[in-house]
Amino acid sequence: MRHTKRFLLLLTILSAVIGRISADILKSDSIPCTMQQDSAVIELPDTILDTISFRQFVVVNLESNVPVRDILVYTDDGQKTKTKWDGTFSLRKTFNRVDFAHPNYERRYILREEMDGDTIALIPNLYALNEVVVYGHRRNKDYNAKPSKVDAQLLQSSPTGFNILGLVAWGLDEIWFKKIRHRGEMEKQKRKMIIENY
C-alpha cells in the first residue's frame, strides 16, 4: 500500500513535469538537440530544470549545532513541509523566500540569494519550555465552606508597627533581583545582536 502511494505520487510528478517540458519546447521555435550514436540529447533551459530540481537543507540549533525536527517550513510559492527527525527537508528551487516557524525557536525567513550553504541555524527562544506535565489529586474539600475560627481571627487582625519582612523583601529586590533583571536584559540584547548580525 505504501509503495503504491509513492509510485502514484512519482507518476503524477513525472507526468506534470513532462507536460510542462513539452509545452515549453513546443512554444520555442527551435529545439536544441544533438545526435549521439542513434540517440538524441535534448538540452533543456535552466528555467525548466529549476522547476524539476530539488534542493536539500538541514535546520540546526544555533547554540548546540544539533539538528532540529518538526520545524514548519513554507515558501512564497506555496510549498509547505516539516523537517524530519534529522533536521532535513527538501524544496523545489522555484522559491524566493523561505519562512521557518517553531514554538521553541525565533521565527526566521531567508531569501533565496542569502542561502549559500545547506545548513540553516535557528535561535532558541529565551523563555521556551519543552514540555510541562502536571499531576494532581482530586480533593473532596468544599471550597465554599466558612473559614475556621483561627483563620477568621488571622484575617481580621492587621499587623501594626515595624515590618521586618517588608524590609528584607525590599533589600532582596534592591540587591539580588535587580542583578537578575539586568542579566535577563543583557541576554535579550545579546540575542538581538546575534539576530541582526546573522
Side-chain angles (χ1 to χ4, degrees), residues 13 46-47 49-139 143 151 154-155 157-198:
I13 292 171
D46 290 337
T47 56
L49 291 176
D50 282 346
T51 60
I52 59 174
S53 60
F54 284 81
R55 188 167 170 196
Q56 188 169 13
F57 300 96
V58 178
V59 178
V60 297
N61 185 323
L62 180 67
E63 294 176 350
S64 63
N65 239 9
V66 174
V68 184
R69 67 181 296 160
D70 295 330
I71 300 291
L72 180 62
V73 181
Y74 52 97
T75 63
D76 58 343
D77 66 343
Q79 300 179 62
K80 287 185 182 180
T81 186
K82 274 188 175 182
T83 58
K84 299 177 195 170
W85 63 271
D86 57 352
T88 60
F89 68 97
S90 297
L91 292 175
R92 286 189 314 271
K93 291 184 179 181
T94 57
F95 63 88
N96 290 325
R97 173 182 160 148
V98 181
D99 292 283
F100 302 93
H102 193 275
N104 295 341
Y105 293 89
E106 299 285 335
R107 291 185 76 102
R108 182 173 181 199
Y109 73 89
I110 301 175
L111 300 175
R112 184 176 179 181
E113 300 85 35
E114 297 172 353
M115 296 179 126
D116 293 334
D118 63 347
T119 304
I120 299 157
L122 294 182
I123 300 170
N125 280 340
L126 189 59
Y127 298 107
L129 296 176
N130 286 337
E131 182 178 353
V132 176
V133 179
V134 178
Y135 293 102
H137 300 283
R138 181 175 222 161
R139 294 184 182 182
Y143 290 104
D151 290 337
L154 288 173
L155 290 172
S157 67
S158 61
T160 58
F162 183 70
N163 186 355
I164 189 72
L165 290 177
L167 179 65
V168 170
W170 175 80
L172 282 175
D173 185 50
E174 286 295 316
I175 296 170
W176 183 258
F177 295 123
K178 254 188 185 176
K179 290 180 183 178
I180 292 174
R181 283 193 301 269
H182 178 70
R183 196 174 302 139
E185 290 171 6
M186 294 300 290
E187 282 288 326
K188 284 182 184 177
Q189 289 176 354
K190 181 180 173 184
R191 287 180 185 271
K192 187 175 180 181
M193 287 183 62
I194 289 173
I195 291 172
E196 290 173 357
N197 295 331
Y198 186 71

Problem set entry | Sub-4.5 Å side-chain heavy-atom contact between R92 and T75 | no
Exercise. Which heavy atom of N61 sits nearest a heavy atom of Y105, and at what distance?
Worked result: ND2-OH, 3.3 Å
For this session: In sequence, state the C-alpha distance, the side-chain angles, and the governing distance for R108 and I123, and then conclude on side-chain contact (heavy atoms from CB on, under 4.5 Å).
Result: CA-CA 9 Å; R108 182 173 181 199; I123 300 170; over 6 Å; no
Exercise. Are side-chain heavy atoms of L122 and I71 found at a separation under 4.5 Å?
Worked result: yes
Problem set entry | Distance-minimising heavy-atom pair for F95 and D77 | N-OD2, 3.8 Å
Problem set entry | Exercise: identify the closest heavy-atom pair between L62 and A121 | CD1-CB, 3.7 Å
Exercise. Can you name the salt bridge (Lys or Arg N to Asp or Glu O under 4.0 Å) partners of R97, sequence neighbours left out?
Worked result: D99
Exercise. Below 4.5 Å, heavy atoms only, C-beta onward: do H102 and P124 meet side chain to side chain?
Worked result: no
Problem set entry | With sequence neighbours excluded, residues passing side chain to side chain donor-acceptor pair (under 3.5 Å) with T83 | none
For this session: Look up atom NZ in K188 and atom CZ in R191, then write down how far apart they are to the nearest 0.5 Å.
Result: 11.0 Å
Exercise. So how far is it from R107 CZ to N125 CG, rounded to the nearest 0.5 Å?
Worked result: 11.0 Å
Problem set entry | Distance, nearest 0.5 Å, that separates CD of Q189 from CD of E196 | 10.5 Å
Problem set entry | Contacts of type salt bridge (Lys or Arg N to Asp or Glu O under 4.0 Å), residue R181, not counting sequence neighbours | D173
Exercise. Nearest 0.5 Å, what's the CD-CG distance between E114 and D116?
Worked result: 9.0 Å
Exercise. Who pairs with E187 by salt bridge (Lys or Arg N to Asp or Glu O under 4.0 Å), at least two apart in sequence or on another chain?
Worked result: none
Exercise. Taking atom CG of L91 and atom CE of M115, what is their separation to the nearest 0.5 Å?
Worked result: 7.0 Å
For this session: Identify, with sequence neighbours excluded, every residue that meets salt bridge (Lys or Arg N to Asp or Glu O under 4.0 Å) alongside R69.
Result: none
Problem set entry | Atom pair CG (D118) and CZ (F89), whose distance is rounded to the nearest 0.5 Å | 9.5 Å
Seminar exercise, completed: Across all chains, not counting sequence neighbours, the side chain to side chain donor-acceptor pair (under 3.5 Å) partners of T88 are D86
